[in-house]
Amino acid sequence: MKKLFVLFLMIHGIYASGQSVVSDSIKSKELEEVTVNSEKPQIIARDGILTVDLPSIVKDKPVTNILEALGYVPGVRDNDGVIGLNGASSVTIILNGELTNMPVQNLYQLLYSTPIDRLKSVEIMYAAPAKYHVSGAVMNIVLKTPRAIDGLMGQLNSSYNQAHYGSYGGGLAATYAIKDWAFDLNWSLSRNKRWSHQETYSNHLLDGDRNMIEDDMRQIGKSITNSIFASVGYKTFKFTYNGQINSASSNESFSSGTFGEFVNRYMFLSPPVYHNVALRYVAPFGLTVGGDYTSYMENREQLLSKNGDNMLNSTNRQAINRYHTYMDQEHKIGEWHISYGLEYQHSDDHSFQNYAFPQIGGFDDVLREDVADAYIGTQGSFEWGLSFNTSVKAEYFHNDYQHNWNFIPQVGVTYYKTPKSIFQLTFTSQREYPQYWEFHGATSYVNEYSAIKGNPSLQPYLNYSGQFSYILNQKYAATLYLLYADKYSVQLPYQKPDELQLLFQTVNLDFSRTAGLQVQAPIEVGYVLSSVAVVNVMHKQEKCSHFHDISFDNRRWSFYGSLDNTVRFSSTCPITVSVDLSYVTGQIQGPGKFNSLWKVDAGAKWKFGKNRCCELDLKCKDIFNIRNPRLTINTAGQDYRMIVHDMMHSLNLSFVWRFNGFKPKDTDIDTSRFGTGN
């Protein structure tokens with residue numbers, strides 16, 4: 001079952017030093033060292049883009065990779081490995097201005113295996129220009145480019161993570177450049193074992209009587225993940241390969257309750273495999289052309305038993321082939337940029353579900369999907385401080401169930417006359433598409449009482465978002481935002497009125513609306529303490545007129561606050577310590593409400609060896625093991641509670657060795673629409 005995550009954002013950049021000058025006409029006198037101290041600006045804003053100096057923020061934090069570092073961008077929340085951006089319904093991560101078209105899980109794995117030293121900066125765009133081929137908010141990870149003068153550079157790393165079970169892994173990242181050629185390699189291998197514990201209490205109304213259905217479920221999942229990212233560049237031509245193979249994968253759940261003892265086993269009959277190859281060429285006259293091909297395959301078997309007797313045996317398969325191509329042209333006329341382009345994507349999703357026992361219906365379908373769009377945009381600036389980028393995109397969507405046209409505008413305006421005050425206004429819209437598997441209407445049984453069912457009538461939904469930000473002295477920031485999702489979709493539980501069954505299904509609501517204000521401020525206490533405080537107040541409403549046979553209109557105010565602290569003992573001490581705190585009041589999801597959550601993380605970083613080429617990081621997440629979400633639904637006859645235990649509590653130890661002055665690199669994957677289960 002899916003878990004809620006909450007969103008957020010921002011900050012960094014520049015330094016200065018001074019020197020004395022001696023005139024020949026004046027008797028020289030040796031002066032003692034003179035130093036001019038200057039505070040680094042934390043935000044650089046222009047053309048609707050906020051550039052954050054993230055490497056400076058995390059240099060003393062116990063992080064070794066880009067994925068962990070993103071959680072320290074003030075206002076960005078890392079919720080159990082899921083990255084969210086404040087003031088945006090969702091955020092797309094791209095690398096060096098290029099969309100990877102990777103599934104989210106693969107993208108995160110790539111970022112996790114990319115060393116933090118490779119990171120140059122992070123660009124935040126609430127309204128990304130259409131030339132990026134992304135609608136809505138974008139987080140652009142800008143990486144350092146290999147240079148021929150650097151030769152071969154690299155990093156070896158290993159880590160061990162102790163949660164309920166231990167997981168471990170290692171990897172290699174290396175870059176090499178010679179003349180007009182540049183090579184990049186990022187490989188990781190990890191063995192993961194996961195554990196979760198859920199309690200559910202379903203007070204089910206049937207024929208006028210209440211039936212309390214209790215269930216206590218523990219889940220164990222394990223896999224060996226082999227990921228590789230490789231790229232070869234020659235002048236302005238680039239070839240990239242991204243791949244991931246999950247071997248020895250399985251998932252088991254053991255539950256006991258009102259209906260008896262259940263064992264549910266999911267076994268992969270072959271390793272889930274993801275491959276993506278991409279080509280990109282940038283011409284000297286402003287033309288960019290590219291394309292990529294993605295292949296994803298998954299084949300798993302489910303065995304469900306009750307009190308030792310076989311109850312169900314099914315096979316789920318998914319094979320996806322996706323083709324994507326684009327062409328962009330940009331012209332520069334003085335201080336103005338004019339851009340326009342075309343994009344096309346086609347996918348074939350061949351999915352299959354068969355029940356060997358009992359003999360109930362399955363399916364064997366090929367779902368075809370086409371998305372085509374054309375855009376035009378402009379970017380410019382004026383000497384009196386105003387800069388902007390704007391674009392409009394016409395998009396056509398078609399699959400075997402529906403087709404529609406979308407008009408997608410975006411506007412980003414920045415007023416930046418002096419560093420003291422920066423104003424930014426953005427507006428954008430974005431179309432969100434369901435998982436491929438959802439469209440087939442497949443049914444997966446959790447136990448005798450609970451089932452997960454697809455929804456062929458599910459519609460993509462449209463996100464509208466607007467933000468107004470004020471940045472003071474390039475470090476203090478306030479963002480006022482409004483988010484509106486028309487026909488918003490989310491997976492929710494539903495107690496059926498005609499039988500004792502709990503149905504989990506992704507459905508379209510009327511809308512989801514969020515309005516809020518976030519304020520963030522860095523705090524420095526000499527050299528010793530560096531902190532960043534974030535406060536966010538929001539109001540959210542979700543409404544559905546036809547949620548199966550009932551309706552709901554749920555709304556709630558909520559508060560989020562965090563304080564990240566880094567302690568340095570001296571300028572020469574190789575050890576730094578961090579303590580991070582966060583608190584969020586209850587959120588809503590559909591007709592349900594979540595409880596308040598808080599946690600404390602702590603860690604230490606130790607750099608040693610020649611030129612401090614070695615690094616040891618120790619981090620404890622959710623020290624007090626208190627971050628346990630509880631979902632409560634009590635509306636229109638629905639009475640349901642779910643309590644999730646032990647999500648975040650863990651201890652992680654990492655070791656890094658860098659050779660030849662390596663400055664590492666970043667990577668990303670998006671599998672958000674792939675997979676045969678939840």
Side-chain angles (χ1 to χ4, degrees), residues 8-16 38-54 73-76 85-88 91 97 121-132 134-140 142 330 332-339 375-392 408-430 464-484 515-522 532 534-537:
F8 300 96
L9 156 66
M10 235 153 293
I11 332 211
H12 258 81
I14 318 178
Y15 73 88
S38 175
E39 187 175 8
K40 287 186 178 182
Q42 295 189 338
I43 301 174
I44 299 175
R46 189 171 180 83
D47 301 328
I49 300 174
L50 298 173
T51 301
V52 180
D53 185 10
L54 185 57
V73 177
V76 170
L85 178 61
N86 172 52
V91 61
S121 64
V122 174
E123 295 178 346
I124 303 296
M125 292 169 274
Y126 279 111
K131 66 181 181 181
Y132 291 108
V134 178
S135 299
V138 163
M139 189 181 300
N140 183 25
V142 182
E330 186 169 1
K332 184 176 182 181
I333 306 173
E335 295 298 320
W336 294 70
H337 294 258
I338 306 296
S339 60
Y375 76 88
I376 184 169
T378 182
Q379 177 181 314
S381 59
F382 302 93
E383 292 184 357
W384 46 276
L386 184 72
S387 63
F388 70 92
N389 71 71
T390 181
S391 64
V392 291
I408 303 175
Q410 76 80 27
V411 178
V413 180
T414 302
Y415 179 76
Y416 180 12
K417 187 63 176 177
T418 68
K420 183 176 181 179
S421 294
I422 303 173
F423 299 88
Q424 187 179 85
L425 178 66
T426 55
F427 170 80
T428 190
S429 59
Q430 177 184 15
Y464 299 94
S465 66
Q467 299 83 18
F468 177 71
S469 298
Y470 172 66
I471 302 136
L472 177 65
N473 293 331
Q474 294 185 310
K475 63 177 183 178
Y476 303 104
T479 301
L480 183 67
Y481 59 90
L482 177 64
L483 312 174
Y484 184 87
L517 173 66
Q518 177 183 276
V519 178
Q520 59 227 21
V532 177
V534 176
V535 172
N536 187 73
V537 179

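Being a predicted model, the structure only gives us computed values, none of them experimental. Throughout, numbering of the chain's residues begins at 1 and tracks the sequence.
Side-chain contact between Ile124 and Met139 is present, with heavy atoms from C-beta onward closer than 4.5 Å. Within the 4.5 Å cutoff, the side chain of Val122 has no heavy atoms near those of the Val142 side chain. Between Asp53 and Ser121, the closest side-chain pair of non-hydrogen atoms is not below 4.5 Å. A heavy-atom distance below 4.5 Å is not found between the side chains of Val91 and Val138. Side-chain contact between Pro409 and Phe427 is present, with at least one heavy-atom pair separated by less than 4.5 Å. Contact check for Gln518 versus Val534: side-chain heavy atoms found under the 4.5 Å cut-off.
Interatomic distance, Met125 CE to Tyr132 OH, rounded to the nearest 0.5 Å: 4.5 Å. Note that OG of Ser421 and CD1 of Ile471 are 10.0 Å apart. Values are rounded to the nearest 0.5 Å. Put simply, CG on Leu386 and OG on Ser381 are 8.5 Å apart, with the number rounded to the nearest 0.5 Å. Taking OH from Tyr470 and CD1 from Ile422, the interatomic distance works out to 9.0 Å, rounded to the nearest 0.5 Å. To the nearest 0.5 Å, atoms CG (Leu517) and CG (Leu480) are separated by 6.0 Å. Atom OG of residue Ser391 and atom CD of residue Gln379 lie 10.5 Å apart, to the nearest 0.5 angstrom.
Here Tyr415 pairs with nothing under the ring pair (Phe, Tyr, Trp, His ring centres under 6.0 Å) rule; sequence neighbours left out. Take Tyr484 and apply the side-chain hydrogen bond (donor to acceptor under 3.5 Å, both in side chains) test, not counting sequence neighbours, and it matches no residue.
Side chain to side chain, Gln467 and Thr426 meet the donor-acceptor criterion of an N or O pair below 3.5 Å. Using modelled atom types and a 3.5 Å distance limit, the side chains of Gln424 and Thr414 yield a donor-acceptor pair. Asn140 and Glu123 form a side-chain donor-acceptor contact under 3.5 Å, judged by distance and modelled atom types alone. Checked by atom type, the side-chain pair Ser469/Thr479 shows a donor-acceptor distance below 3.5 Å. Side-chain atoms of Gln410 and Asn389 include a donor-acceptor pair closer than 3.5 Å. For the residue pair Tyr481/Ser465, the side-chain donor-acceptor check at 3.5 Å is not satisfied.
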Walk me through it: do Thr428 and Tyr126 pass the test side chain to side chain donor-acceptor pair (under 3.5 Å)? CA-CA 8 Å; Thr428 190; Tyr126 279 111; over 6 Å; no
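Ring pair Trp336/Phe388: centre-to-centre distance below 6.0 Å.
For the pair Ser429 and Ile408, the tightest heavy-atom approach, listed with the atom from each and the gap, is O-CG2, 3.2 Å.
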